**Student:** 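Below are the structure tokens for one structure; questions will follow.
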Amino acid sequence: MWKTSSDSGISTACPVCGKFLIGDYDKGEVVCPSCGFVAADQAEDQGPEWKALDLEEKERRVRVGSPRTLSLHDFGLTTEIGGQMRDSHGKSLNPYMRNAVGKMKKWQTRIRTSSSEERGLSNVLSRITEVASILTLPRMVSETAAHIYRVSARMKVAKSKSIIGMTAASVYLSCRKCGVGRSLKEVARAAGVDKRTVAKYYRLVLKEVERAYVPPPSVDKYISKLVNTAKIDPKIERLALQLASKTNDTKISSGKAPAGLAAAYVYISSVLSGEHIPQREIAEVAEVTEVTVRNRCRELLDNYIIRQRLKPLMAR
DNA sequence: ATGGTTTTTACTGCGTC
DNA sequence: GACGCGGTAAAAACCAT
């Protein structure tokens, strides 16, 4: 789907911003010129509508093989010299050849990771894939994260910053760009970094590298994620989404944590559908407090007619 | 740095099973 | 009595200035 027409360089529309994707910047990447989104060339990895996976699926989703990737500092294209010391027919090499091959091997690694920047880059990129795999992010997200980091390294933004902090910031920004609902908290936890550090670096990268504001994932995304991770009845999800679409006033949502709002929608829906999931559980998976859930609920109930339908149910 | 806004922490009281 | 829920005050975190 993301095949590039090799001559013109123009391929498909960017799923994030709608602009046309350009085959290559300077490295053969397929990127969106306006938002920097990296198009993955694998169909199963298309992401904006991607939902959080539950645990069993996480296990199965581990990816194998080595497609050409931005996440390796040399794009995974170099040939390895094996360590078995055998020739192409499988015979052992004589001592002289062993010596020569050993030297070649040594030099190859030296050349490949020659400059300090390259060494740093390969380190960061492997960490990015590591963090991404902990969060079970689709490949597209880690690719975009890798691209973000490459650009920030090129622009010297990453200079004298904590490496792991920068990877977390890149991954987080990538999540937002791709519309994958991962909170800063989650990313920070997966990377094992202090949340505030990530936030700081994130802002920095946003200001210096990304010039545009990247909107956080919509409440819908949070609702879907919530329902999926908590294994809640899909009918509640539908109800919650309906509710959310009918009450998508900025008056209520602006400035509020979207996760809290999503939790409120899910909670109200669960009550309406007679399921009645405790606030505690919803608050836990949404990673907000019960208080926040309550506050959002109250605002929703105060401002909308749901109240009339909900009241009798709550009275019981 | 600062002040305004939102979230969290911690605690209390109420009704129900 | 444990549990779920609603409320509140004060602390903490967040954000724009």
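This structure is a prediction, so every number in the text was calculated from the model and none was measured.
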**Student:** Of the options V293(A), V266(A), L300(A), which is the one that meets L261(A) in a side chain to side chain contact (heavy atoms under 4.5 Å, CB included)?
**Tutor:**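 Running side chain to side chain contact (heavy atoms under 4.5 Å, CB included) over V293(A), V266(A), L300(A) with L261(A) returns exactly one hit, L300(A).
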**Student:** Write down the distance between CZ (R203(A)) and P (dA13(C)), rounded to a whole number of angstrom.
**Tutor:** 14 Å
**Student:** Please tell me if H276(A) has a side-chain N or O lying less than 4.0 Å from either OP1 or OP2 of dC5(C).
**Tutor:**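 Yes, H276(A) has a side-chain N/O under 4.0 Å of OP1/OP2 on dC5(C).
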**Student:** From NZ of K200(A) over to P of dA13(C), roughly how many Å is that when rounded to an integer?
**Tutor:** 15 Å
**Student:** Look at the side-chain N and O atoms of T292(A) and state whether any lies under 4.0 Å from the OP1 or OP2 oxygen of dT8(B).
**Tutor:** yes
**Student:** Of all the nucleotides listed (dT8(B), dC5(C), dT7(B)), which has the minimum atom distance to the side chain of K256(A)?
**Tutor:** dT7(B)
**Student:** For the base of dG4(C), is there a side-chain donor-acceptor partner from R280(A) under 3.5 Å away?
**Tutor:**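 By the distance-only test, no, there is no pair.
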**Student:** Going by atom types alone, do Y267(A) and R296(A) pair a side-chain donor with an acceptor below 3.5 Å?
**Tutor:** no
**Student:** Using atom CZ of R196(A) as one end and atom P of dC15(C) as the other, report the distance to the nearest whole Å.
**Tutor:**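 Spelled out: CZ on R196(A) to P on dC15(C) is 11 Å.
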**Student:** If the cut-off is 4.0 Å, is R296(A) near the phosphate of dT6(B), judged by side-chain N/O to OP1 or OP2?
**Tutor:** no
**Student:** Nearest whole angstrom, please: distance from the C1' of dC5(C) to the CG of L301(A).
**Tutor:** 13 Å
**Student:** Take atom CD1 of I277(A) and atom P of dG4(C), then tell me their distance rounded to the nearest Å.
**Tutor:** 13 Å
**Student:** Are E186(A) and E287(A) packed together at the side-chain level, in the sense that at least one heavy-atom pair is separated by less than 4.5 angstrom?
**Tutor:**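 Of all side-chain heavy-atom pairs linking E287(A) with E186(A), at least one is under 4.5 Å.
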**Student:** Between P278(A) and N295(A), which is nearer to the 5' end of DNA chain C once each is assigned its nearest nucleotide?
**Tutor:** P278(A)
**Student:** Any side-chain to backbone donor/acceptor pair from S152(A) onto V157(A)? Under 3.5 Å, distance only.
**Tutor:** no
**Student:** Quickly work out the E290(A) CD to dT8(C) C1' distance and round it to whole Å.
**Tutor:** 15 Å
**Student:** Categorize A257(A) for me: base, sugar-phosphate, or nothing, with a 4.0 angstrom heavy-atom threshold over every strand shown.
**Tutor:** sugar-phosphate
**Student:** Taking atom C1' of dT8(B) as reference, at what distance in whole Å does atom CD of Q279(A) sit?
**Tutor:**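 Taking CD of Q279(A) and C1' of dT8(B), I get 15 Å after rounding.
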**Student:** E237(A) vs K225(A), test: salt bridge (charged side-chain N to carboxylate O under 4.0 Å, His left out). Steps then yes/no.
**Tutor:** CA-CA 10 Å; E237(A) 176 184 8; K225(A) 183 193 166 200; over 6 Å; no
**Student:** Please determine if a side-chain N or O atom of R298(A) lies less than 4.0 Å away from the OP1 or OP2 oxygen of dG7(C).
**Tutor:** yes
**Student:** For dA13(C), does OP1 or OP2 lie under 4.0 Å from any side-chain N or O of K195(A)?
**Tutor:**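 So the side-chain polar atoms of K195(A) never come under 4.0 Å of the phosphate oxygens OP1 or OP2 of dA13(C).
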**Student:** Using whole Å, what does the distance between atom P of nucleotide dG4(C) and atom CD of E281(A) come to?
**Tutor:** 8 Å
